[in-house]
Amino acid sequence: MKKIVRVTTIADSLKSLLKGQLRFINQYYEVIGVSSEGDALKDVRDNEGIRTEVVEMKRTITPINDLKAVYRLYKILKKEQPHIVHTHTPKAGVIGMLAAKLAGIKHRFHTVAGMPLLVATGPKRILLNYAEKLTYKCATKVFPNSFGLKDIILKEKFTTKKKLDVIGKGSSNGIDIDHFNNTMLKETDLNELRQKLHIDKQFVYTYVGRLVTDKGINELVAAFDIISKKHNAKLILVGWRESELDPLLPETEKALKQNQHIIEVGYQSDVRPYFAIADVLVFPSYREGFPNVVLQAGAMQVPSIVTNINGCNEIIKEGENGLIIPVKDVDALIASMEHIIKNQDIHQMMRTKSRQIIVDNYKHTYIWDELLKEYQASK
């Protein structure tokens with residue numbers, strides 16, 4: 001059986017980003033997962049039924065460690081001789097594609113799921129641009145996970161059009177619509193969660209993701225701080241901090257401490273209950289590839305307020321399953337949050353449409369089948 005090596009920077013990405021997909025592909029090829037060491041690697045072996053290898057990679061810029069990682073992966077690839085090497089995440093992309101080219105692997109695929117470089121400036125931007133171009137130069141095919149991202153890659157002249165292809169209608173892995181389904185949850189459990197969070201009849205805005213500047217948390221907290229003084233509402237923040245990489249503003253931290261209507265619940269292994277008690281997802285990110293959280297919310301019948309960036313503006317149809325606002329615009333965020341809380345008929349209509357749009361376009365098995373076709377076409 002031919003081998004496919006799938007590479008991500010950290011083990012959690014193998015576990016969550018590609019959940020279910022690795023097991024599916026493993027029916028047709030022998031799949032080997034590669035990432036940095038992490039507890040999630042055991043879960044990947046158990047849940048996906050694949051072999052794993054460790055190559056230590058840092059998400060930050062570390063030239064010496066990166067060269068060591070290239071050599072370590074090169075050795076693995078020379079030994080395994082896979083039919084395809086397929087990388088995800090920026091650091092794994094440049095390391096994986098370079099190692100695969102040096103090892104003489106014929107088919108070298110890279111999925112682009114967001115670009116940190118888009119918000120970088122100065123020397124860092126120049127370096128990240130070079131790394132991106134190197135990744136694409138070493139790859140034989142590049143899969144942007146949204147059509148907007150494909151346009152950005154072409155605009156930036158990172159590679160040629162013939163190397164680019166979007167799998168299905170976008171997304172790296174689609175969404176398990178059976179798992180993200182309100183009918184899977186018990187109302188008694190949801191009522192317990194509401195009581196725990198002191199939610200009675202308040203309108204609930206929810207955010208799910210990393211609590212960092214790049215995700216628009218400063219704008220979200222500033223907007224809700226004003227909303228909460230005028231409306232009976234709560235804001236639930238589901239996610240973890242990355243204070244060293246991307247800290248929040250001091251005034252944001254102050255509001256988080258002082259506003260009792262903002263509830264931080266930290267990282268949650270199962271986000272479905274937090275969608276189930278939400279009225280709307282607010283996701284004011286600065287940049288995305290194809291955001292899973294917006295897919296998840298939609299599947300749970302929760303409309304979204306998103307920024308006008310690639311991925312988000314492909315999932316959300318303005319006025320149908322959510323609202324689209326400019327990036328970094330607190331006033332527009334306030335206006336859209338107020339529009340939904342004041343117009344319950346519009347909100348209910350969006351709820352009704354949200355799940356069907358996701359089911360029709362982003363079911364995970366559809367994405368898997370389309371990716372399998374790409375693999376099988378690689379002779």
Quick check on the hydrophobic clustering: are [X] and [Y] connected, directly or via other members, by side-chain heavy-atom contacts under 4.5 Å?
{"X": "L256", "Y": "Y205", "result": "yes"}
{"X": "V31", "Y": "V85", "result": "no"}
{"X": "V302", "Y": "L333", "result": "yes"}
{"X": "Y136", "Y": "V166", "result": "no"}
{"X": "L98", "Y": "V5", "result": "yes"}

Looking at [X], I'd like to know if its [atom1] atom is crowded, meaning that more than 12 non-hydrogen atoms belonging to other residues, nucleotides or ligands lie closer than 6.0 Å.
{"X": "D46", "atom1": "CG", "value": "yes"}
{"X": "K68", "atom1": "NZ", "value": "no"}
{"X": "K163", "atom1": "NZ", "value": "yes"}
{"X": "Q260", "atom1": "CD", "value": "no"}
{"X": "K150", "atom1": "NZ", "value": "yes"}
{"X": "E244", "atom1": "CD", "value": "no"}

>> Please report the interatomic distance CD1(I309) to CD(E314), rounded to the nearest 0.5 Å.
In response: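 Here the interatomic distance stands at 10.5 Å.
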> Hey, what do you get for CG (N259) to NE2 (H261), rounding to the nearest 0.5 Å?
Replying inline: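 If we round to the nearest 0.5 Å, N259:CG and H261:NE2 are 6.0 Å apart.
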> Taking it one step at a time, do E370 and K169 satisfy salt bridge (Lys or Arg N to Asp or Glu O under 4.0 Å)?
Replying inline: CA-CA 10 Å; E370 292 300 302; K169 297 177 182 177; over 6 Å; no
How close do [X] and [Y] get, counting heavy atoms only, and between which atoms?
{"X": "V44", "Y": "A11", "value": "CG2-O, 4.4 Å"}
{"X": "I367", "Y": "S171", "value": "CG2-O, 4.1 Å"}
{"X": "A99", "Y": "Y74", "value": "CB-N, 3.8 Å"}

Can you check whether [X] reaches [Y] side chain to side chain, under 4.5 Å on heavy atoms?
{"X": "L235", "Y": "L220", "value": "yes"}
{"X": "I316", "Y": "S304", "value": "yes"}
{"X": "L41", "Y": "L14", "value": "yes"}
{"X": "F143", "Y": "L164", "value": "no"}
{"X": "N65", "Y": "E56", "value": "no"}
{"X": "E132", "Y": "N129", "value": "no"}

> Below 6.0 angstrom between ring centroids: does that apply to H110 and H86?
Replying inline: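 No, they do not, as the ring centres are separated by 6.0 Å or more.
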> Is the Y375 to Y28 ring centre distance short of 6.0 Å?
Replying inline: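 No, the ring centres sit 6.0 Å or more apart.
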> Parallel, tilted or perpendicular: which describes the rings of W368 and H364, with under 30° parallel and over 60° perpendicular?
Replying inline: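 The arrangement is perpendicular - the two ring planes meet at more than 60°.
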> Taking the six-membered ring for Trp, are Y207 and F283 parallel (under 30°), tilted (30 to 60°) or perpendicular (over 60°)?
Replying inline: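 Parallel: the ring planes of Y207 and F283 meet at under 30°.
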Are side-chain N/O atoms of [X] and [Y] paired as donor and acceptor at under 3.5 Å?
{"X": "K353", "Y": "N321", "answer": "no"}
{"X": "N191", "Y": "Q195", "answer": "no"}
{"X": "T89", "Y": "T9", "answer": "yes"}
{"X": "T213", "Y": "N218", "answer": "yes"}

> Would a distance-only check, ignoring hydrogens and angles, find a side-chain to backbone donor-acceptor pair under 3.5 Å from K91 to K58?
Replying inline: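 Confirmed, K91 side chain pairs with K58 backbone.
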>> Before you tell me yes or no, could you show the steps for R108 and T140 under side-chain hydrogen bond (donor to acceptor under 3.5 Å, both in side chains), namely the whole-Å CA-CA distance, both residues' side-chain angles and the distance that decides it to 0.1 Å?
In response: CA-CA 5 Å; R108 305 179 299 275; T140 55; 5.4 Å; no
> Taking it one step at a time, do K19 and E48 satisfy salt bridge (Lys or Arg N to Asp or Glu O under 4.0 Å)?
Replying inline: CA-CA 8 Å; K19 184 178 181 181; E48 306 292 339; over 6 Å; no
>> Using the side-chain contact (heavy atoms from CB on, under 4.5 Å) definition, which of the options R194, K234, H231 pairs with Q202?
In response: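 Between Q202 and the candidates, side-chain contact (heavy atoms from CB on, under 4.5 Å) is satisfied uniquely by K234.
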> Would you call K2 and E30 a salt bridge, using N to O less than 4.0 angstrom?
Replying inline: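 A salt bridge is absent here (no side-chain N lies under 4.0 Å from a carboxylate O).
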> Does the ring of Y286 carry K328 above it, NZ/CZ under 6.0 angstrom from centre and within 45° of its axis?
Replying inline: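 Because its charged atom sits under 6.0 Å from the ring centre and within 45° of the axis, K328 does stack over Y286.
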>> Quick one, T62 with D66, criterion side-chain hydrogen bond (donor to acceptor under 3.5 Å, both in side chains). Give me CA distance, side-chain angles, the key distance, then yes/no.
In response: CA-CA 6 Å; T62 54; D66 296 344; 3.1 Å; yes
>> Checking R272 against Q296 for the side-chain hydrogen bond (donor to acceptor under 3.5 Å, both in side chains) test, could you report, in this order, the C-alpha distance in whole Å, the side-chain angles of both residues, the deciding distance, and whether it holds?
In response: CA-CA 8 Å; R272 292 176 301 168; Q296 293 165 359; over 6 Å; no
